Amino acid sequence: MRWSKLFTPTLRDAPGDAVAPSHKLLVRGGFMRQLHAGHYSMLPLGWKVHQKVAQIVREEIDGIGGQEFLLPTMHPAEIWQASGRWDTMGEIMFRLEDRRGNATALGITHEEIFATVASELSSYKQLPQIWYHIQTKFRDEARPKSGLLRVREFHMKDSYSFDVDEAGLDANFDLHDAAYRRIFARLGIPSFGVQASSGAMGGNDSVEFMTPSDAGEDDVIRCPQCDYSANIEKGTSALPKMDDEPGPDAPERFDTPGVRTIKALEEFDGGAPADRQLKTLVMSLDDVITLVVVRGDHQLNTQKLADVTGAITIRPAELEETVAALGAKPGSLGAVGVTDHPIIMDEALRGRTNMTTGANTDDVHYRGVSVERDVPVGQWADLREVQAGEPCPNCGTALTIVRCIEIGHIFKLGTKYAEVFGVKVSTPDAGDVPVVMGSYGIGIGRNMAASAEANHDDKGLVWPVEIAPYEAVITLMRLDDECTAAGEKLYDDLRAAGVDVILDDRDARAGVKFADAELIGIPFRLTIGPRGLKNGSAEFHTRATGETVDVSIDTAAAAVWEAVSAAKG
RNA sequence: CGGGCUAUGGCUCAGCUUGGUAGAGCGCCGCACUGGGGGUGCGGAGGUCGUAGGUUCAAAUCCUGCUAGCCCGACCA
């Protein structure tokens with residue numbers, strides 16, 4: 001490629017509304033442009049990087065035995081209705097009708113579709129199978145943000161494993177785990193796996209891959225000592241045991257005029273510290289008013305509540321609903337003796353006695369509450385959100401909470417989809433059995449952005465060689481005959497050697513060319529100018545280190561080839 | 001969905017408070033000088049000021065509705 005012909009509109013200033021470094025740099029470098037919220041046009045450079053990322057993913061999934069497919073992105077409603085996800089996916093799914101009025105979905109993921117294909121599997125001898133495609137997904141995100149990090153239209157590699165039993169699934173799960181770690185390493189993204197909520201995917205086990213970044217959207221609990229790490233939607237901590245006094249034989253009502261908050265009750269004469277209070281949250285779970293109780297100083301994690309209850313639509317109750325349900329306003333609510341609404345209690349409250357909580361009369365509280373004696377708990381569950389500094393459940397070290405980008409997610413699905421879509425195989429001793437599935441996703445554009453987040457400096461992007469838009473640039477300092485001839489020869493030699501090289505033959509000043517090459521993150525640069533040519537040399541610059549060395553013009557191509565080869569492993 | 005902010009040329013922004021000829025830098029086109037880190041000078045093109053309505057002799061500016069975008073939160077793979 002000759003830069004004079006390349007469409008790469010680089011900008012000196014980032015768009016004012018971009019915040020994330022990857023967003024700013026991908027726009028400034030002319031990799032992409034926004035069409036509207038959550039939809040980006042990939043320009044030639046952006047698409048080139050995107051395809052290189054996809055190719056790495058393809059190589060690694062092929063490497064564990066994956067077979068590449070391409071399934072449609074428009075799906076009939078019936079197939080989603082069959083799995084139940086037409087309803088449970090809610091507003092995330094784009095829906096439309098064809099000219100006959102048939103309901104259609106734009107694919108958010110492809111478990112159902114791959115399962116229909118898999119229904120032609122018939123014998124255990126065909127298993128295991130790993131099938132995948134790299135296909136556009138559409139998700140009607142409530143809030144697209146941060147450039148490519150969260151969008152409404154994106155490419156995802158999603159693979160699916162099919163096994164005759166759980167042991168087979170475990171093996172395929174581990175193969176994917178290892179392949180994903182190789183992918184992230186090749187993309188230059190520091191990564192680690194965490195225990196995660198399976199959310200709307202169903203299934204019984206899942207691991208998310210995370211990379212620490214302020215531009216991310218997930219909070220991850222990490223132990224600095226052992227290897228414990230979990231999404232905050234899933235993780236827990238070991239709380240110090242509380243020594244409660246037994247308290248009175250029955251709860252005692254007492255007046256608390258004007259006390260409306262946990263903090264106020266702490267300071268109130270005759271009140272209680274927050275960790276000796278019950279916090280009663282009135283929630284609507286699929287329109288069922290439910291009391292959710294956590295310790296006064298704890299926070300509810302709504303994803304945990306969703307996982308535990310299976311509820312699809314969770315929201316705090318409106319004021320009127322709360323008053324209608326309990327007869328008091330927030331600030332004086334409690335679950336003592338409440339029998340006409342389900343009560344879900346956080347595990348941290350098990351066995352607690354002599355607690356303080358609202359009495360469902362404005363300005364009145366109870367003290368001396370024994371949780372298991374006085375509250376008709378319907379369900380116990382881990383609902384609280386871990387706070388930084390709490391002890392690790394494995395080793396007791398103070399936990400940290402790290403902001404992360406989710407760069408991959410792998411699920412053990414079990415037989416849910418196989419049963420719905422009749423994916424079963426004959427076995428020698430168990431007859432026909434449903435196939436055990438796994439599902440494994442990795443967003444191409446998000447990983448491109450995550451690599452940009454991890455690999456940039458104040459001059460611009462510093463792509464790993466494998467995904468850089470070009471591996472090397474030959475920068476002509478003058479467009480005179482001598483420089484041009486030397487540059488053209490190097491350009492031809494490098495292309496012949498298989499190096500992805502661009503010749504900067506623009507009639508522009510040196511500063512512009514250097515700045516552009518650094519902004520878009522080309523790993524290696526050969527500078528050809530009269531200063532070097534006098535001595536028969538070119539300058540060899542490495543983007544990542546900033547080092548510049550003189551090399552003989554005769555060996556310059558070989559030097560670049562060696563550097564590229566070494567970097568690609 | 002709740003809260004906040006924004007919308008003026010390709011990009012970044014000023015102008016709005018106090019209504020009166022639409023501006024700057026970068027980018028773009030032409031010419032000249034220049035030529036190893038976003039160079040200089042001269043000349044030029046390019047804007048229904050998001051949109052619809054209202055107030056007014058007069059609206060980028062004041063008022064109202066709408067739309068779009070961004071940020072925080074909720075939610076989400």
Side-chain angles (χ1 to χ4, degrees), chain A residues 9-20 23-24 27-28 30 33-39 85 88-93 107-111 137-147 149-152 154 156-158 196-203 206-210 215 217-219 231 233 283 299-303 305-306 311-316 318 405-411 439-443 446 459-460 475-480 483 504 506-519 525 527-534 538-539 541 546 548:
Chain A
T10 56
L11 303 173
R12 190 176 294 210
D13 302 307
D17 52 18
V19 174
H23 184 191
K24 289 181 183 173
V27 173
R28 275 191 62 207
R33 288 293 184 264
Q34 183 181 50
L35 180 61
H36 61 149
H39 300 265
R85 295 209 290 182
T88 59
M89 279 300 176
E91 293 185 314
I92 199 78
M93 182 181 266
I108 53 181
T109 178
H110 282 77
E111 280 77 14
K137 310 295 180 200
F138 295 91
R139 298 185 186 179
D140 191 357
E141 290 292 342
R143 184 151 101 83
K145 58 172 287 198
S146 305
L149 284 174
R150 177 168 295 275
V151 290
R152 300 201 293 189
F154 61 99
M156 183 164 92
K157 185 287 299 173
D158 42 324
S197 159
S198 295
M201 296 297 292
S206 84
V207 168
E208 284 173 335
F209 293 93
M210 294 288 184
E217 302 178 83
D218 285 272
D219 287 316
N231 195 303
E233 297 172 347
M283 307 291 290
Q299 297 289 322
L300 169 70
N301 184 289
T302 51
Q303 183 64 47
L305 184 60
I312 296 161
T313 306
I314 294 182
R315 60 174 174 82
E318 306 286 345
I405 301 168
E406 179 191 341
I407 48 177
H409 201 163
I410 59 180
F411 299 86
S439 129
Y440 316 89
I442 184 167
R446 182 182 286 185
K459 293 192 171 85
T475 304
L476 301 181
M477 300 311 299
R478 303 282 178 86
L479 298 184
D480 59 27
C483 283
D504 194 349
R506 292 177 296 172
D507 181 15
R509 302 182 73 84
V512 172
K513 295 184 172 192
F514 292 156
D516 275 346
E518 284 155 357
L519 173 62
R525 183 179 80 213
T527 306
I528 309 297
R531 190 191 284 176
L533 286 181
K534 271 190 305 195
E539 285 152 38
H541 177 81
T548 304

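Naming: A, B, ... by sequence-line order, numbering from 1 per chain. Just so it is clear, the structure is predicted and the values come from calculations on it, not from any experiment.
- Protein atom CG of A/Leu519 is 14 Å distant from nucleotide atom C1' of B/G37, rounded to whole Å.
- Pairing for B/G47 is absent, judged as Watson-Crick or G-U wobble with the two contacts each under 3.5 Å.
- Where A/Arg139 and A/Pro530 meet RNA chain B, the nucleotide closest to each residue was compared, and A/Pro530 sits on the side nearer the 5' end.
- With both pairing distances under 3.5 Å, B/G53 is matched to B/C63 as a Watson-Crick or G-U wobble pair.
- Taking atom CD1 on A/Ile312 and atom C1' on B/C1, their separation rounds to 18 Å, with Å as the unit.
- Side-chain contact of A/Lys145 with A/His23: a donor-acceptor pair under 3.5 Å is absent, judged by distance alone.
- A 3.5 Å limit on both hydrogen-bonding distances identifies B/G39 as the Watson-Crick or G-U partner of B/C33.
- Remark: A/Asp17 pairs with A/Pro15 by the side-chain contact (heavy atoms from CB on, under 4.5 Å) rule, at least two apart or across chains.
- As rounded to whole Å, 15 Å separates atom P of B/C76 from atom CZ of A/Arg315.
- B/C13 and B/G23 make up a base pair, with Watson-Crick or G-U wobble contacts both under 3.5 Å.
- Rounded to an integer number of Å, the gap from CZ of A/Arg506 to P of B/G27 is 13 Å.
- If you check distances only, the side chain of A/Gln34 never reaches the base of B/G69 with a donor-acceptor pair under 3.5 Å.
- Among the protein residues, A/Tyr440 comes within range of no part of the nucleic acid, since none of its heavy atoms lies under 4.0 Å from any strand.
- The pairing partner recorded for B/G73 is B/C1, the criterion being a Watson-Crick or G-U wobble arrangement whose two distances lie under 3.5 angstrom.
- Considering every non-hydrogen atom in both A/Lys24 and A/Val19, the closest pair reads CE-O, 3.5 Å.
- For A/Asn301 and A/Glu233, the side-chain atoms include no donor-acceptor pair closer than 3.5 Å.
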- Task: Evaluate the side-chain contact (heavy atoms from CB on, under 4.5 Å) criterion for residues A/Arg150 and A/Arg143: first the C-alpha distance (whole Å), next the side-chain angles of each, then the deciding distance (0.1 Å), finally the verdict.
- Result: CA-CA 8 Å; A/Arg150 177 168 295 275; A/Arg143 184 151 101 83; 5.8 Å; no
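- Residue A/Lys145 has a polar side-chain atom (N or O) positioned under 4.0 Å from OP1 or OP2 of B/C72.
- Between A/Asp219 atom CG and B/C72 atom C1' the separation is 13 Å, expressed in whole Å.
- Here B/G73 presents its P atom at 12 Å from CG of A/Asp218, a figure rounded to the nearest Å.
- Contacts of A/Asp516 classified as side chain to side chain donor-acceptor pair (under 3.5 Å), with partners at least two apart in sequence or in another chain: A/Thr10, A/Arg506.
- Cation-pi geometry between A/Arg525 and A/Phe514 is met: the NZ or CZ atom falls under 6.0 Å from the ring centre, inside 45° of the normal.
- With distances taken from any side-chain atom of A/Val19 to the nucleotides B/G37, B/C71, B/G69, the minimum falls on B/C71.
- The nearest heavy atom of RNA chain B to A/Arg150 and to A/Gly147 marks one nucleotide each, and the one closer to the 5' end goes with A/Gly147.
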Would you tabulate the pairs of protein nitrogen or oxygen atoms and nucleotide nitrogen or oxygen atoms of nucleotides 11-14 of chain B closer than 3.5 angstrom?
residue: B/C11; atom: O2'; partner: A/Asp13; partner atom: O; Å: 3.3
residue: B/U12; atom: OP1; partner: A/Gly16; partner atom: N; Å: 2.7

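- At whole-Å resolution of the value, CZ in A/Arg478 and C1' in B/G39 are 14 Å apart.
- Distance A/Arg143 CZ to B/C5 C1': 13 Å, rounded to the nearest Å.
- Comparing B/C71, B/C76, B/G37 against the side chain of A/Lys459 picks out B/G37 as the nearest.
- Put simply, the side chain of A/Asp516 and the base of B/G37 share no donor and acceptor less than 3.5 Å apart.
- Side-chain contact annotation: A/Ser206 with A/His409, donor-acceptor N/O pair under 3.5 Å present.
- Put simply, the side chain of A/Arg509 and the base of B/G39 share a donor and an acceptor less than 3.5 Å apart.
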